Structures are given as C-alpha cells and as structure tokens.
Amino acid sequence: MAAVAQCVRGALRPRYPLLSFALRTSPRLLCAATQQKNTGQNLEEDQSQSQNEHKVEPSSAEKMLTEEKAKLEEQLKEVTDKYKRALADAENIRQRSQKLVEEAKLYGIQSFCKDLLEVADILEKATESVPKEEIKDENPHLKSLYEGLVMTEVQIQKVFKKHGLLRLNPVGAKFDPYEHEALFHAPMEGKEPGTIALVSKIGYKLHGRTLRPALVGVVKDA
C-alpha cells in the first residue's frame, strides 16, 4: 500500500501539489478513494449487465403480443383464402348462369320448332305429290294451289332460317351419327362405303345443335 501511495504522489506532484500533499499526509484517504472508484465501476457493470439481460429476455407481455400477432396473421390468411375461393365460386356461378340464360334464349323455342317441323314435312309431301305434268294453264285451280303450297313452303323455310333452324339434306355426305339416323345399310355401285345414298326424311339443326336427325340409307361394302 505504501508503494502504491508513493507512486500516486509522484504522478500527482507536478500538476496537483495540494492533492499530493493530502495523499502524503493521509494514505487512508487514497485507499478510500480507490475503493469508491472500484465500487462505482462494479455498480455500473452490474447495471449494464442487468439492462442487457432485460434486452435479451423479452417480457411475458411481449411474448403474449407476439403470439397474438401470429394468431391474427394466421386468421387473416385463412379469411383471405376463403374470400378468394368465394369470389371464384361466385364468378363460376355467374358464368354458368349467363350461359344458361344464353342457351335459354337460343333453344327456348326448341319444342315449338319441333312442332312446326311436322307442318313443314306435310307441306313438302303435298308439293311432291302433285304431278308435274298436271301443272299447266289448262288446269288453273291445281296450278294455283300448287304455287300457293310452294310459296308457303319457301316462306316457312325463311322463318326457320331467321331463327337459326336449318335443313339437313345430306345426300352424298359422310354418315355422322350426331346428325343422321341410319334406317338401312346397302351396297351400291359407284358409291363410296360410309356415305349417304338416300334421305328418307329431312333433318334439322337449331343453332348448330341437332334438333331432328335426318333419316338416311347408308352405303356399305359389297
């Protein structure tokens, strides 16, 4: 201790003569000052360590807030997914409903058209049954009747076409089971197998959909 005091007095003598004198006269004062300094440093270190511990270890309130935040984020994600699915389902329903409405507009007259097809068939048979050699000026009544039937048939076909109803008269075409109904199969010379050689009854399509298949005879291999 005496050596420490002597070193301190030697260092402080040029700048602080009074303090050097005091230390020379009272070595205990130097020891007390040194202890107080060490104590202050220890206190500062303890406080710094305590603060670091508080920073490293979050409080229970912070843990609860963090857990609550994670739960809310998960719930938000689930709700967002459900909302997107609901939007997609609503859009699909809207598109299907729109398609049904459009089809109802196009094909709502389907039953009515089927009934009118019978009238068109009768008109066609009536005009075909009139002998062509009898249609002359010497027989004006028959000629006028025939011309009236033909005009009626032409007009009804115009009305059908206006509403998307078209005739199917597939003579010479390839057999299509979606548009034709085969009544018989028979070999025929000069005809390609699988083609239609005879149309027994005219078919019709409504806006591209087969309303009534054509009744046909199909060529087969000999």
Side-chain angles (χ1 to χ4, degrees), residues 82 84-222:
K82 290 180 180 179
K84 290 180 179 179
R85 291 194 189 97
L87 284 180
D89 292 340
E91 180 63 19
N92 292 334
I93 292 173
R94 186 191 68 80
Q95 291 179 357
R96 285 197 297 268
S97 300
Q98 185 177 0
K99 185 177 180 181
L100 290 174
V101 170
E102 291 175 355
E103 289 182 352
K105 290 179 180 179
L106 291 175
Y107 305 110
I109 59 173
Q110 183 169 328
S111 297
F112 179 66
C113 288
K114 280 186 177 181
D115 293 337
L116 284 180
L117 294 183
E118 300 298 329
V119 178
D121 292 339
I122 293 172
L123 284 173
E124 184 178 4
K125 288 179 180 179
T127 55
E128 290 176 353
S129 63
V130 177
K132 300 299 185 289
E133 63 274 8
E134 297 294 332
I135 304 172
K136 52 188 177 180
D137 295 336
E138 288 76 9
N139 197 351
H141 298 291
L142 181 61
K143 182 179 179 181
S144 297
L145 178 62
Y146 176 78
E147 290 176 352
L149 290 174
V150 171
M151 291 174 62
T152 304
E153 185 181 5
V154 170
Q155 186 62 31
I156 198 171
Q157 291 298 329
K158 287 181 179 179
V159 174
F160 286 172
K161 188 175 181 180
K162 179 181 177 181
H163 293 280
L165 188 61
L166 302 178
R167 286 163 57 97
L168 288 176
N169 191 8
V171 176
K174 281 283 187 180
F175 177 77
D176 185 351
Y178 295 102
E179 296 182 357
H180 314 137
E181 182 178 343
L183 296 177
F184 62 89
H185 293 77
M188 294 186 181
E189 294 184 0
K191 300 288 185 179
E192 182 182 356
T195 59
I196 296 172
L198 176 68
V199 177
S200 176
K201 193 172 185 179
I202 297 294
Y204 284 89
K205 294 178 73 174
L206 179 62
H207 295 292
R209 179 187 294 179
T210 301
L211 183 63
R212 187 182 74 182
L215 303 181
V216 299
V218 184
V219 180
K220 70 174 183 179
D221 293 329

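Every value quoted in this text rests on a predicted model; they were computed, and no experiment measured them.
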Student: Are the side chains of L117 and L211 in touch, meaning some heavy atoms are under 4.5 Å apart?
Tutor: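 Touching, per the 4.5 Å side-chain cut-off.
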Student: Can you check whether L206 reaches Y204 side chain to side chain, under 4.5 Å on heavy atoms?
Tutor: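 They are not in side-chain contact.
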Student: Kindly compute the distance separating CD (E103) from CZ (R209), expressed to the nearest 0.5 Å.
Tutor: 5.5 Å
Student: Give every donor-acceptor pair under 3.5 Å between a side-chain atom in residues 133-144 and any protein atom, sequence neighbours left out.
Tutor:
{"residue": "D137", "atom": "OD1", "partner": "K143", "partner atom": "NZ", "Å": "2.7"}
{"residue": "S144", "atom": "OG", "partner": "P140", "partner atom": "O", "Å": "3.0"}

Student: Do P193 and K220 have side chains that get closer than 4.5 Å, going by heavy atoms?
Tutor: no
Student: Can you tell me if K132 has over 12 outside heavy atoms packed within less than 6.0 Å of its NZ?
Tutor: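 Above 12, so yes.
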Student: From K84 NZ over to K82 NZ, what is the distance, rounded to the nearest 0.5 angstrom?
Tutor: 15.0 Å
Student: Would you check if L149 and L123 make a side-chain contact, meaning some heavy-atom pair closer than 4.5 Å?
Tutor: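 Heavy-atom side-chain distance check passes, below 4.5 Å.
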Student: Enter the distance from R94:CZ to E91:CD here, rounded to the nearest 0.5 Å.
Tutor: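 The CD atom of E91 is 4.0 Å from CZ of R94, to the nearest 0.5 Å.
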Student: Quick check for you: to the nearest 0.5 Å, what is the distance between Q95 atom CD and L100 atom CG?
Tutor: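 Going from the CD atom of Q95 to the CG atom of L100 covers 12.0 Å.
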Student: The test is side chain to side chain contact (heavy atoms under 4.5 Å, CB included); show your working for I93 and R96 and say whether it passes.
Tutor: CA-CA 5 Å; I93 292 173; R96 285 197 297 268; 3.4 Å; yes
Student: Do you know which two heavy atoms are closest between H207 and L106, and how far apart they sit?
Tutor: CD2-O, 3.4 Å
Student: Distance check, rounded to the nearest 0.5 Å: K191 atom NZ versus I196 atom CD1?
Tutor: 11.5 Å
Student: Do F184 and L198 have side chains that get closer than 4.5 Å, going by heavy atoms?
Tutor: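 They are in side-chain contact.
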Student: Show me the donor-acceptor pairs, under 3.5 Å and distance only, between side chains in residues 162-183 and residues at least two apart or in other chains.
Tutor:
{"residue": "K174", "atom": "NZ", "partner": "E192", "partner atom": "OE2", "Å": "3.3"}
{"residue": "D176", "atom": "OD1", "partner": "Y178", "partner atom": "N", "Å": "3.0"}
{"residue": "E179", "atom": "OE2", "partner": "K205", "partner atom": "NZ", "Å": "2.9"}
{"residue": "H180", "atom": "ND1", "partner": "D176", "partner atom": "N", "Å": "2.9"}
{"residue": "H180", "atom": "ND1", "partner": "D176", "partner atom": "O", "Å": "3.4"}

Student: Just verifying a value: how many Å separate M151 CE and Q155 CD, rounded to the nearest 0.5 Å?
Tutor: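 Atom-to-atom, M151:CE and Q155:CD are 8.5 Å apart.
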